[in-house]
Every structure is written in structure tokens, then in C-alpha cells.
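Notes follow once the structure below has been shown.
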2 protein chains.
Amino acid sequence: MEAVYYSQNPRFYVAVDCIIFCFEDGVLKVLLQQRDFEPFRGEHTLMGGFVQENEDVTQAAQRILEERTGILYVPLEQVGAFGSPNRDPGARVVSIAYMALVDKHLCNDSLNAKHNGFWVNVYDLPSLSFGHDEMVHKALARLRIQIGKTPVGFQLLPPMFTLSQLQHIHEAILNEHIDKRNFRKRVADMSYIEKTDKIDKTTSKRGAALYRYNQLEYEKSLKAKL
Amino acid sequence: MEAVYYSQNPRFYVAVDCIIFCFEDGVLKVLLQQRDFEPFRGEHTLMGGFVQENEDVTQAAQRILEERTGILYVPLEQVGAFGSPNRDPGARVVSIAYMALVDKHLCNDSLNAKHNGFWVNVYDLPSLSFGHDEMVHKALARLRIQIGKTPVGFQLLPPMFTLSQLQHIHEAILNEHIDKRNFRKRVADMSYIEKTDKIDKTTSKRGAALYRYNQLEYEKSLKAKL
DNA sequence: TCAAAAGTGTTAAGTTTACACCCATGA
DNA sequence: TCATGGGTGTAAACTTAACACTTTTGA
């Protein structure tokens, strides 16, 4: 029972595309797929899919993320909408890009294998169809801004992590070297990055203190800033 | 000639909604409309419309902006996509919000009058249908970030303006008082805000120097930062 | 002559950067 | 014992914030 007001207008497919970042082997990676279906069979793209009836657009992105990695309950951030008429040669599709940071250990790689998924160094990106390159670059630009302002790096790590790991993430995202002492000083000022009494012995002989992120403390610190 | 791949998915109306800011009487204002059509007849919303076949989404926003203000060639910035299933009670509509800053003097008010348009202080916003309040708040938040990093204030002013006018815009956007000396010092460091030899006598007896924005100088200064 | 807006510098506080050595341990 | 990554402080440079008086001129 739709008014004429609406029906004189065209309708389009609405897709979501996910820029899923992980951190592995000291490298910031993004999840791609090699398409085994048209259009652009054989080419590379982000993981994406169509928004369904009664499905929130953000939910659709959650669904894609879960289908391809098994990961649920990770914050997704909208990167932008992409709506030029010829993005997709098969049909008019307006696509909304979302980015997520995931802990690679939690990814179920058999799931993404079903979709010809693979992880690639974000600084060594093949060319992507549907203008997905632009989405990745925009996501990375946004991530760089975020990492300077809000704690997001820990999302790429297990619940407990060393400061060196966290620093390497910052370095990978910003693509530049960071001074260790200055970095640790900055982290020390973040009440929500808490030292635990656990020690990680896997990356050094001496062992490194394990830290964890405390969401409640973060919210407190936000309020304190006002 | 669309593959099954597409056609098993639903299609939605895609709308654009414009957050059009102006600066008038020392106040940051946004253009609203009182709807004289369903849904939400009589209620307030942003100016918006549906994306058409073969029309780029950004172009659609340009079109709406021009229809309602007569203004062309103003940069539009995407604020975000809004896609929850029940945003619009009449049909499933995914809406993409854009913001623009316009010089009120260039607005053709007879055009927006045709659409029941009116300007309202952004800090005295009535409640808006379709979740348009959220769009305005997000746009304002983005504008606050922008104004600290990139020159955008001048877009709300005529080509020549005084530093007091520019300062008042910053104050209106940030909703806080700015120290005059510090503000002028900061502007003096911006090579792309150039003093002209013209004097404005309308706002003070003494007269104030008129400045103008130089896009080329801005681009130069960006390069110089790298 | 006075009200009203334009214009102008200095100092203190805070933030950011640069920089080098000792520590603990397993191999 | 030594190679490897973990851990620590200080000083200089820079940026930001606070602050008050003089100038011009039309009414």
C-alpha cells in the first residue's frame, strides 16, 4: 500500500561491502575475495552482499562479516555510501561500505575459504573491481584518524596483549615508525589500557607484561574530559 | 538483462537528504521544510528527494540543493547512509545524507518557499521526522571537526568578508567563545586567507579589512605540509 | 565626546618530539 | 655469554591558551 509519491521513483539494489582488517605477522591485512561468479569473475573485490527486506543496512554488514569470518559482536563503522550509476555493470547498485577490526585468531578461515577469501597486506593491494579500492583507502584514512583519538587497536588483538604488539599495530596503521618511549608514555596516560599481572613469554626471553582494554574505564575517561 | 544473481534480491528506494547550513544574523541555520504531503504531513524534515535512474547519488544531492536554493557549484559532503527498515513508514527507503554550506545571500528564497522551506537556528531545532535530527547532529559534529582542520567557514560568507564575520562563524559552529587575538593569529598563519585592500564599513564606524579565500594558495599549503 | 567594533603581543602552560641505556632470560 | 626484545626519563621545541589596551570614526 505504497503511495504514488514513492512509486514514481526507481528502486535500486542496495549492497554492503566490508573492509575487514586484521593484524597478522606484523602486517595490517584486509580480507578480499576472488570472485567465481559474474560480474567480474576472477577479479578481486571486498566481501559484500545485498541488503535484504526488513534487514537494517548495518545488520547486513554484520551478517556478511559473520558469514565470512564467523565473527559476531564486533563494532562496525560506516565508511560511506557509493552510488555512481555505473559502479556495477550488472545492475544499478548503491553500496554502503563498513569497516571492522577483527582478531585474526577468532576468524574461521574455512568460512572465508568458501567464498574464495584471502587476506592481503593493505599496502600491497591488488586492483579491486566495483571501485572497492576507493573504499579501502577511505577506510584506512578513517582508521588513521581513529587510532589517534580513540582506542581501536586492541580490537585487532586477543583480549590480552603486550605493548609491543599494540605499538606494532599503530605503526602498521600509520605506516610509520613510532618511538617506543613516547608510545608507552601515551599508553600510560590511558586509564583504560590496564596492566595485568600476566606475562607473555612467547615473543621474548625476558617476557612482556600483558595488558587489557577496559571499556568501562574508557567511558569514564570520556566523561572526565568534559 | 540482469542476472539471477541480482534479481533474487530486493530493491529499495534511495533518497538523499540535505543538511544545508547558512549563517545569518550571527546564527548558524539549517534549511528545513514543513511537509504538505504524506507521510508525516505537517511535520518537519530536511530537504530531500529520491535518486533517479542514471543519476549519481551525489548528483541527486546537488539537484535537491539547486531546486531548493538555486545554488549550484557548492561542495557537498556525504554525512552518511541511514538504512534502518522502518525509517520511512511509507516504504523501505535507504537515505544518504549530504551537507553543504551556502552563502545565504545567494539563496533564492522563492524557491525554498515553494517547498515550505524555512531556516532555523541549528541550536533550536524542532524535532524532525525520518530520523533527520540524527543527520543534522552528525553533520554538525562533522562540521566541527572540519572547521578545525580545513577552511570551510568562508563558504558561508560572500567572497569578501571580515575577520570578525569569520570568527563569528567559528563561534557559531563550535558553540563557544573564541579569543579574538588567538583567532586572528591563527588566520594570519593561513596563507590562503588573504587580506584585500577593500574596507567594509557596514558593520563598524571604523571599518574592517576585507579578506578573501584563495583556493590555489590552499592547495599549495597542503602540499607544503608533506 | 563617546559608543562600538577593529586591531594588536607577550607570557605561561601544556604537549610533542627526540634521544640512549640497562634489564632479564633462554638458547 | 650473548643476542633478543622489554622496559625506563629528561630536556628542547613547539603549540595552545590566557589576557587588556589603543585606534578609528559616525552619530
Side-chain angles (χ1 to χ4, degrees), chain A residues 23 25-27 144-145 147-150 153-154 157-158 160-191 193-212 221 224-226, chain B residues 23 25-27 144-145 147-150 153-154 157-158 160-191 193-212 221 224-226:
Chain A
F23 184 69
D25 306 326
V27 171
R144 284 181 177 164
I145 292 170
I147 195 100
K149 299 190 177 172
T150 59
F154 72 89
L157 291 169
M160 304 235 282
F161 49 85
T162 69
L163 292 188
S164 294
Q165 287 176 303
L166 192 59
Q167 179 176 345
H168 292 141
I169 281 174
H170 281 244
E171 290 175 329
I173 290 174
L174 299 172
N175 199 26
E176 67 185 22
H177 174 258
I178 297 173
D179 178 88
K180 186 168 42 154
R181 277 179 291 189
N182 292 339
F183 179 78
R184 293 167 102 97
K185 214 184 311 169
R186 243 175 295 140
V187 172
D189 289 340
M190 301 174 187
S191 56
I193 304 284
E194 302 175 331
K195 194 173 189 169
T196 69
D197 56 2
K198 304 288 190 304
I199 303 270
D200 171 89
K201 301 284 282 185
T202 61
T203 54
S204 81
K205 295 163 182 170
R206 175 174 172 179
L210 284 163
Y211 287 73
R212 84 180 139 216
S221 79
K225 257 193 257 176
L226 311 179
Chain B
F23 184 69
D25 305 326
V27 170
R144 283 181 179 165
I145 292 170
I147 195 97
K149 299 191 178 173
T150 59
F154 72 89
L157 290 169
M160 304 235 281
F161 48 84
T162 69
L163 292 188
S164 295
Q165 287 176 304
L166 192 60
Q167 179 175 345
H168 291 140
I169 281 173
H170 281 244
E171 289 174 329
I173 289 173
L174 299 171
N175 200 25
E176 67 186 22
H177 174 257
I178 297 174
D179 178 88
K180 186 168 39 157
R181 278 178 290 188
N182 291 340
F183 180 77
R184 293 168 102 98
K185 215 184 310 168
R186 242 176 294 137
V187 172
D189 288 340
M190 301 175 187
S191 57
I193 305 284
E194 303 177 328
K195 193 172 187 169
T196 69
D197 55 4
K198 302 288 190 305
I199 303 272
D200 171 88
K201 301 283 283 185
T202 61
T203 53
S204 82
K205 293 163 182 170
R206 176 173 172 180
L210 284 162
Y211 287 73
R212 83 180 141 217
S221 79
K225 256 193 257 177
L226 309 179

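Hydrogens, waters and symmetry mates play no part in the numbers below; they use all other heavy atoms, side chains included. Here is how names work: the chains are called A, B, and so on, in the same order as the sequence lines, proteins then strands, and each is numbered from 1.
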Just jot down the salt bridge (Lys or Arg N to Asp or Glu O under 4.0 Å) partners of B:Asp189, sequence neighbours excluded, or say none. none
Residue list, side-chain contact (heavy atoms from CB on, under 4.5 Å) with A:Ala208, at least two apart or on another chain: A:Thr162
What is the first contacted nucleotide of DNA chain C and what is the last, in 5' to 3' order, if contact means an atom lying under 4.0 angstrom from a heavy atom of chain A? C:dT17 to C:dG26
Please report how far the helix from C:dT1-D:dA27 to C:dA27-D:dT1 bends, comparing the axis fitted to its first five pairs with the axis fitted to its last five, to the nearest 10 degrees. 0°
Salt bridge (charged side-chain N to carboxylate O under 4.0 Å, His left out): which pairs involve residues 197-210 of chain A, sequence neighbours left out? none
Base, sugar-phosphate, or nothing for B:Ser164, non-hydrogen atoms under 4.0 angstrom? sugar-phosphate
Residues at least two apart in sequence or cross-chain that pass ring pair (Phe, Tyr, Trp, His ring centres under 6.0 Å) with B:Phe154, listed by chain then number, are B:Tyr213
Report each atom pair, protein N/O against N/O of nucleotides 23-27 of chain D, whose distance is under 3.5 angstrom.
residue : atom : partner  : partner atom : Å
D:dT23  : O2   : B:Arg206 : NH1          : 2.3

Taking side chain to side chain donor-acceptor pair (under 3.5 Å) as the definition, give me every residue that meets it alongside B:Lys185, ordered by chain and number, with sequence neighbours left out. B:Asn182
Send over the distance from B:Lys180 NZ to D:dT16 C1', rounded to a whole Å. 19 Å
Strictly under 3.5 Å: I want the nitrogen or oxygen pairs between protein and nucleotides 9-12 of chain D, one per line.
residue : atom : partner  : partner atom : Å
D:dG9   : N1   : A:Arg181 : NH1          : 3.4
D:dT10  : O4   : A:Lys185 : NZ           : 2.9

Listed partners of B:Arg144 passing salt bridge (Lys or Arg N to Asp or Glu O under 4.0 Å), at least two apart: none
side-chain contact (heavy atoms from CB on, under 4.5 Å) partners of A:Lys180, counting only residues at least two apart: A:Gln167, A:Arg184
With sequence neighbours excluded, what pairs up with B:His170 under the ring pair (Phe, Tyr, Trp, His ring centres under 6.0 Å) test? B:Phe183
